[in-house]
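Structure first, commentary second.
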Amino acid sequence: MDMVQPLTWADALAAKAAGPDLLPIAGGTDVMVELNFDRRRPAGLLDLTRVEDLRRWAVADGTVELGAGVTYAQVIADLGDVLPGLAMASRTVGSPQIRNRGTVGGNLGSASPAGDAHPPLLAAGAVVEIESVRGRRTIPVHDFFTGVKRSVLAPDELIRSVQVPCATGPEQFSKIGTRNAMVIAVASFGLRVDPSQRRVGTGIGSAAPTPRAAREAESFLVGELEASDSWGSREPLPEPVVREFAELVAGAADPIDDVRGNAAYRRHALAVMARRTLTWAWDEYRQGVLA
Ligand SMILES: Cc1cc2nc3c(=O)[nH]c(=O)nc-3n(C[C@H](O)[C@H](O)[C@H](O)COP(=O)(O)OP(=O)(O)OC[C@H]3O[C@@H](n4cnc5c(N)ncnc54)[C@H](O)[C@@H]3O)c2cc1C
């Protein structure tokens, strides 16, 4: 099997244009499983680990530019204060070895409905920066996933970075698995409470063909917060509001029965996670954490 090892981003793009069948490999924690189980036989591998630009992150104008090759370990070590939801999700990924190798770009590249980076990226309203020799385009993460393990990436394109607005208020992430570590989510949920934009962001994982937001739940909650002036007063949320938000989150899912859980359980779990995360996040907001 061919192995192409570019040292620069420009060379990586050129290699992908010349060989669209080359399979990009970053941390390899998904790719190597696929090769080892003979689920995939690519013409060759495009090793992105030597492209330094991909491993960098920077904060500018209230947005984190996260190179596609930034690992979960880096997110946990460096970005917990600006992207607390993504850091929480990163802490639940695999094991220390997987978090040291696995990247956010690789999670997007695999586009699994169960990818743990996806709910916080959805909740934050992140934008994926994609590039090929034909040019660069930015895609809201809400539009990135097109089906189970499918995305908008064209054969000659690579993910360069993800632009994630810094949190201006509390974020939460919750994941149900069959045990506490080294586990794919049975269902997961990410939440951002954004007082600066008076916005609420959500992300559902492992409970639909693609990761997705619970749009109706978001607008319901924003409407309630506006109507009661709770952004300003920071009053406790009435229980019926929390319950309705949770039901709307569960209703936004489109889960299946599989070996990890059945659809009814996934919906129930989502409602529980939505209720808990909203309660935690709103309590943080009331106590003045971050905002
Ligand atoms: C034991 C184990 C436990 C795991 N636990 C979890 C877990 O708890 N949660 C979770 O979400 N995942 C988990 N995973 C899956 C995996 O670790 C993650 O999906 C990880 O984010 C993949 O990143 P990577 O850098 O290793 O990607 P790779 O395996 O290198 O690549 C993954 C996919 O993305 C593509 N790709 C990579 N970089 C780019 C790029 N820049 N542009 C375009 N395409 C690209 C590759 O071609 C491939 O299709 C686990 C895997 C293992 C083996």
Side-chain angles (χ1 to χ4, degrees), residues 3-4 6 9 12-13 15-17 19-37 39-56 66-76 86 88-122 128-132 136-137 139 144-145 148-162 173-188 190 203 205-206 211 260:
M3 174 74 112
V4 181
W9 180 241
L13 294 178
K16 193 69 171 118
D21 291 343
L22 291 175
L23 182 65
I25 180 167
T29 60
D30 279 327
V31 167
M32 290 314 298
V33 174
E34 299 220 307
L35 297 188
N36 289 340
F37 282 93
R39 289 187 202 132
R40 209 155 173 169
R41 285 202 172 227
L45 292 177
L46 178 61
D47 177 11
L48 297 175
T49 56
R50 298 174 183 208
V51 180
E52 278 295 317
D53 289 356
L54 294 181
R55 305 178 73 87
R56 298 206 181 99
L66 197 69
V70 171
T71 63
Y72 298 108
Q74 281 176 279
V75 173
I76 294 164
L86 186 61
M88 280 180 208
S90 299
R91 282 185 209 108
T92 76
V93 171
S95 60
Q97 295 91 334
I98 298 296
R99 294 194 285 271
N100 280 334
R101 295 286 316 174
T103 63
V104 174
N107 213 223
L108 286 165
S110 291
S112 162
D116 285 324
H118 309 326
L121 292 179
L122 285 164
V128 186
E129 194 185 13
I130 294 170
E131 197 168 346
S132 71
R136 193 177 289 187
R137 60 187 181 127
I139 305 283
F144 179 79
F145 307 103
V148 178
K149 298 194 174 180
R150 294 202 350 251
S151 73
V152 297
L153 275 184
D156 64 342
E157 286 181 319
L158 293 171
I159 303 166
R160 181 190 174 94
S161 72
V162 198
F173 174 79
S174 186
K175 169 175 170 180
I176 305 265
T178 47
R179 58 185 181 216
N180 255 350
M182 290 287 278
V183 72
I184 299 174
V186 175
S188 61
S206 243
R260 283 179 281 131

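Both counts, for ligands and for their atoms, begin at 1 and track the order of listing. The basis for the numbers below is simple: all heavy atoms, side chains too, and nothing from hydrogens, waters or symmetry mates. Please read all numbers here as calculations on a predicted model, not as lab measurements. For the single chain, residues carry numbers from 1 onward in sequence order.
Remark: Arg137 does not engage Glu131 in a salt bridge, criterion side-chain N to carboxylate O under 4.0 Å. A salt bridge links Glu129 with Arg136: the distance from a Lys NZ or Arg NE/NH1/NH2 to an Asp or Glu carboxylate oxygen falls below 4.0 Å.
Counting all heavy atoms, side chain and backbone alike, Ser206 lies closest to Ala185 at OG-O, 2.7 Å. Scanning all heavy atoms of the two residues, the minimum distance from Arg50 to Pro6 falls at CB-O, 3.6 Å. In plain terms, the two heavy atoms of Ile159 and Gly105 that are nearest each other are CD1-O, 3.7 Å. In plain terms, the two heavy atoms of Leu48 and Ala12 that are nearest each other are CD2-CB, 4.0 Å. Between Val152 and Ile130, the shortest heavy-atom contact is CG2-CD1, 3.9 Å. Of all non-hydrogen atoms in Pro24 and Leu158, the two that sit nearest each other are CG-CD2, 3.7 Å.
Proximity to Thr92 (heavy-atom distance under 4.0 Å) selects the following atoms of ligand 1: 8 (O). For ligand 1, the atoms sitting less than 4.0 Å from at least one non-hydrogen atom of Ile25 are 30 (O), numbered in the order shown with element in parentheses. Of all atoms in ligand 1, listed by their number and element, those nearer than 4.0 Å to a heavy atom of Gly115 are 11 (O). Atoms of ligand 1 found under 4.0 Å from any heavy atom of Gly109, numbered from 1 in the order shown, are 33 (C), 34 (O), 35 (C). The distance from ligand 1 to the heavy atoms of Met182 drops below 4.0 Å at these ligand atoms: 1 (C). Ligand 1 places these atoms under 4.0 Å from at least one heavy atom of Gly27: 24 (P), 25 (O), 26 (O), 30 (O). Per-residue contacts place Ala68 under 4.0 angstrom from the following atoms of ligand 1 (heavy atoms of the residue considered): 41 (N). Which parts of ligand 1 touch Leu23 is read off a 4.0 Å heavy-atom cut-off, strictly below it: atoms 47 (O).
Distance from atom 19 (O) of ligand 1 to its nearest protein heavy atom, with residue and atom name: Asp30 OD2, 2.6 Å. Shortest contact from atom 8 (O) of ligand 1 to any protein heavy atom: Gly94 N, 3.0 Å. The protein heavy-atom contact nearest to atom 42 (N) of ligand 1 is Ile159 N, 2.8 Å. For atom 36 (N) of ligand 1, the closest non-hydrogen atom on the protein side is Pro24 CB, 4.1 Å. Counting protein heavy atoms only, atom 21 (O) of ligand 1 is closest to Tyr72 OH, 2.5 Å. The nearest protein atom to atom 31 (O) of ligand 1, hydrogens excluded, is given as Val31 CG2, 3.5 Å; this is a heavy-atom distance. The nearest protein atom to atom 33 (C) of ligand 1, hydrogens excluded, is given as Ser110 OG, 3.3 Å; this is a heavy-atom distance. Thr29 OG1, 3.2 Å is the protein heavy atom nearest to atom 16 (C) of ligand 1.
In this structure, Val93 is part of the shell of residues with a heavy atom less than 4.0 angstrom from ligand 1.
Within the set Leu153, Thr103, Ile98, the minimum heavy-atom distance to atom 2 (C) of ligand 1 is found for Ile98. Closest heavy-atom approach to atom 11 (O) of ligand 1 within the set Leu158, Thr49, Ile130, Asp116: this belongs to Asp116.
Asn107 and Tyr72 are linked by a side-chain donor-acceptor pair at a separation below 3.5 angstrom, with hydrogens and angles left out of the test.
Contact annotation: for Lys175 versus ligand 1, heavy atoms closer than 4.0 Å belong to the side chain alone. The backbone of Val183, and not its side chain, has at least one atom closer than 4.0 Å to an atom of ligand 1 (non-hydrogen atoms only; backbone = N, CA, C, O).
Aromatic rings of His118 and Phe145 (six-membered ring for Trp) have centroids within the 6.0 Å cut-off, being under it.
Between Arg99 atom CZ and Thr71 atom OG1 the span is 10.5 Å, to the nearest 0.5 Å.
Thr92 contributes a side-chain N or O that, together with a main-chain N or O of Ala89, makes up a donor-acceptor pair within less than 3.5 Å.
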